[in-house]
Amino acid sequence: MGFLVRIIWSLTVAAFLGQAAIAVSRAEDFSRNYAVVIGIDEYRSGDWPRLEFAATDARRVAGFLERSGYEVTLLLDSQAKREAVLDTLLEATRNLGESDRLLFYFGGHGYTEKIGDEEHGYLVPYGASSVGGMIAMDEIREISSRMRAVRHQLFILNSCYGGTIGVLRGVRGLKPDRPSYIDEITRRQARQFVAAGGPDQQVLDGGPEGLSWFTHFLLEAVENGEGDLDGDGYVTFPELNAYLIPRASNSVQTPTYGALPGHALGEFLFTIPKIPDQKLPTEVAAADPPKTTTTEPRALEKVATDFEGMQEPVHRLYEAWENLDLDAYGDQWADDAIQYIGKKRRSKKQIMEQRAKLFPRLASVDVERYQLWFNGFSDGVASFDASYTMTFYFRDGRVLHENERETYKTRNVRGRWVIVENRDYIR
C-alpha cells in the first residue's frame, strides 16, 4: 500500500471511528437523568381501599432507575400528598434543561369523572377525599408543557383512569432502519406516556415477586432486557410497548400509550445492562401468567413483531377523516370487512357508499383525540377497543360533535394489516 493511500485509509478509518464515538456519546448524551417515583398503598380513606403492591412496585422501579444512573425522588404513602407530588414536579421544571430527561412513575389509585359526554382523569394522591384533592391529567400535561426545555419526558402511570393525559392518537415515529436511528430519536424531543388501564378498570396485582403484573412486565422489558427486540442494546419506547402491552393486557386492565403536546418524534429509551447474568429468563413470568390474559404466550412474539402494524390501519383511518381522503379511508378496510352500528350490518361496499355521500358534505373534520386499547390477539386477528372525540363541520354550517367508543379487529392480508371488523357507537 502506497504512502498516500495509507494516509487516506488511516484518515478514513479515523473518521469512521470518530463518527461511531460521536454516535455513542449522543445516544447517552443526557447530563441528568431524573425520576420521580410514587407508590401509595395506604390511603387512610374509606373511599380508597388499601393497595397491596403499589409501594413495592415503586421501590423496585426506583432501585432499577438508581442502578441505571438516575437521580430518584421516591415518595411512598403519606409522603405522596398532592402538594408534595406537584412541588417535586415543579422543582424539576426549574432545574432540568435541554440536555436532561425526566421519568415520572405513579403507582396508586386513579379516578374518572364524567361530565356530560366527556371523561376527566385524575391520579389520587395520599389524603385525597374528593376531586379537589386529586391531580388532574390536565395538571400533569401543563407541567409537562412547562418542562418544554427538557428533551425527553416519560410518564408511567400504574393506575386506571379515564380522560386523557396526552394526544392519545397515532403518533408514528421514525423508522428503526433509518441511519443513525438511536442518535436521531435521542436528539429529538420526546413527550410520551404509558398507562396501566382505562376508566372503570383496576390494576391487576398478584404478579411474580410481589409486583403488579404491569410493573413486572415493565421491569422485565427494561431491567432484564427482554424488551430489546432487535438486540441493539436499547429498549426504545416502541419496543417497550410492543413487549409490555400485550403481556399486561387482560380482561381486567388494558394498558395504553401515547404522546403529549410537544412530542417531536424522539423516543424515550433505556440502555440494557451489558452484564449477562443480570438478565433473567422470561420463563419467570410465563410460569404463572394472569388467568385473565387475552393473548396466549405463543402469540406474544408475533404481537411484539407486528404491534405497530396491527394498529396502523386504525391510525390511517383517523388521518383519512381529518384529510377527507376517501381513497385513503377505503384502503384501510379488507374487501370482506364488516361494520356493525347497532343492529345494522354494513359490507365494505356499503361503508364506502355511505362515506362517498358524506365526505363531500363536510368542510372539515377535527379529530381532537382518539385512543386505542389492545384487547388481544387470536388466530391472526388483533382486537382493539377505541374511544374518540371528533367534530364534523358541514358545508351548510352545521356542526356535529361526537365523543364515542368503538372496537376494531385487524388482520394481515398479503403483507399489510387492514380492518376486518368495526363496531361503532357502543357506549
Side-chain angles (χ1 to χ4, degrees), residues 156 168 170-173 175-177 192-198 201 204 207-208 212-222 224-232 234-258 267 269-270 272 281-317 332 334 371-386 407-422:
I156 302 175
L168 286 172
V171 181
R172 291 184 298 282
K175 296 294 184 182
D177 58 358
Q192 295 168 307
F193 75 93
V194 58
Q201 295 185 343
L204 183 65
S212 67
W213 281 100
F214 178 84
T215 299
H216 165 71
F217 288 125
L218 169 70
L219 290 174
E220 189 174 78
V222 299
N224 298 353
E226 300 296 333
D228 182 12
L229 301 179
D230 60 7
D232 65 353
Y234 300 97
V235 177
T236 62
F237 189 67
E239 287 180 315
L240 171 63
N241 293 315
Y243 186 88
L244 166 66
I245 289 181
R247 287 162 173 80
S249 294
N250 50 74
S251 61
V252 178
Q253 66 178 43
T254 48
T256 188
Y257 68 96
E267 304 286 359
L269 54 79
F270 298 87
I272 299 304
T282 55
E283 284 75 10
V284 171
D288 187 24
K291 296 179 180 178
T292 52
T293 184
T294 55
T295 301
E296 296 182 6
R298 67 175 181 269
L300 290 173
E301 183 177 351
K302 172 67 174 176
V303 175
T305 302
D306 288 357
F307 193 60
E308 295 296 318
M310 292 173 178
Q311 305 168 72
E312 187 75 9
V314 184
H315 296 327
R316 291 195 178 279
L317 198 71
Q332 310 318 312
Q371 179 173 3
L372 293 183
W373 290 276
F374 179 76
N375 202 27
F377 179 81
S378 179
D379 298 327
V381 176
S383 300
F384 297 92
D385 292 337
T407 66
Y408 288 96
K409 291 184 177 180
T410 64
R411 183 180 67 222
N412 192 309
V413 177
R414 295 185 292 276
R416 189 171 73 92
W417 287 88
V418 289
I419 298 167
V420 295
E421 182 186 296
N422 167 231

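Please read all numbers here as calculations on a predicted model, not as lab measurements.
- The two residues V235 and G227 come nearest to each other via the heavy atoms CG2-C, 3.6 Å.
- For F377 against A299, the heavy-atom pair with the smallest separation is CD2-CB, 3.6 Å.
- For the salt bridge (charged side-chain N to carboxylate O under 4.0 Å, His left out) test, residues two or more places apart in sequence or in another chain that qualify with D306 are K302.
- In this pair, F374 and F307 present their aromatic rings perpendicular. The plane angle is above 60°, beyond the 30 to 60° band.
- T410 places a side-chain N or O within donor-acceptor distance of the main-chain N or O of M310, the cut-off being under 3.5 Å.
- Residues P255 and S249 share a closest heavy-atom pair of CD-OG, 3.3 Å.
- When side chains are defined from C-beta on, V194 does not count as touching T256, because their heavy atoms never get closer than 4.5 Å.
- Formation of a donor-acceptor pair under 3.5 Å by the D232 side chain with backbone atoms of D228 is not found in this model.
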For this session: I would like to know whether W417 and E312 meet side chain to side chain contact (heavy atoms under 4.5 Å, CB included); could you show each step before the answer?
Result: CA-CA 7 Å; W417 287 88; E312 187 75 9; 5.6 Å; no
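- When every heavy atom of P238 is checked against every heavy atom of E267, the shortest pair comes out as CD-OE1, 3.3 Å.
- Taking each heavy atom of L372 and H315 in turn, the nearest pair found is CD1-CE1, 3.9 Å.
- For the ring-ring contact (aromatic ring centres under 6.0 Å, His included) test, no residue two or more places apart in sequence or in another chain qualifies with Y408.
- Residues satisfying the side chain to side chain contact (heavy atoms under 4.5 Å, CB included) test with A221, not counting sequence neighbours, are L240, Y243.
- Note that the OG atom of S378 and the NZ atom of K409 stand 9.0 Å from one another [nearest 0.5 Å].
- Annotation: the span from Q332 atom CD to N422 atom CG amounts to 13.0 Å, rounded to 0.5 Å.
- Rounded to the nearest 0.5 angstrom, L219 CG and N224 CG are separated by 7.5 Å.
- Distance alone, capped at 3.5 Å, places no donor-acceptor pair between the T407 side chain and the D385 backbone.
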Exercise. Does the side chain to side chain contact (heavy atoms under 4.5 Å, CB included) test come out yes or no for I245 and F217, once each step is laid out?
Worked result: CA-CA 9 Å; I245 289 181; F217 288 125; over 6 Å; no
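- Without hydrogens or angle criteria, E220 side chain to E226 main chain gives no donor-acceptor distance under 3.5 Å.
- Side-chain N or O atoms of E239 include one that pairs as donor or acceptor with a backbone N or O of L229 at under 3.5 Å.
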For this session: Go through the steps to decide whether R247 and H216 satisfy the test side chain to side chain contact (heavy atoms under 4.5 Å, CB included), and finish with yes or no.
Result: CA-CA 10 Å; R247 287 162 173 80; H216 165 71; over 6 Å; no
Problem set entry | Worked check of ring pair (Phe, Tyr, Trp, His ring centres under 6.0 Å) between Y234 and F270 | CA-CA 6 Å; Y234 300 97; F270 298 87; over 10 Å; no
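- A ring-centre distance under 6.0 Å is not found for Y257 and F193.
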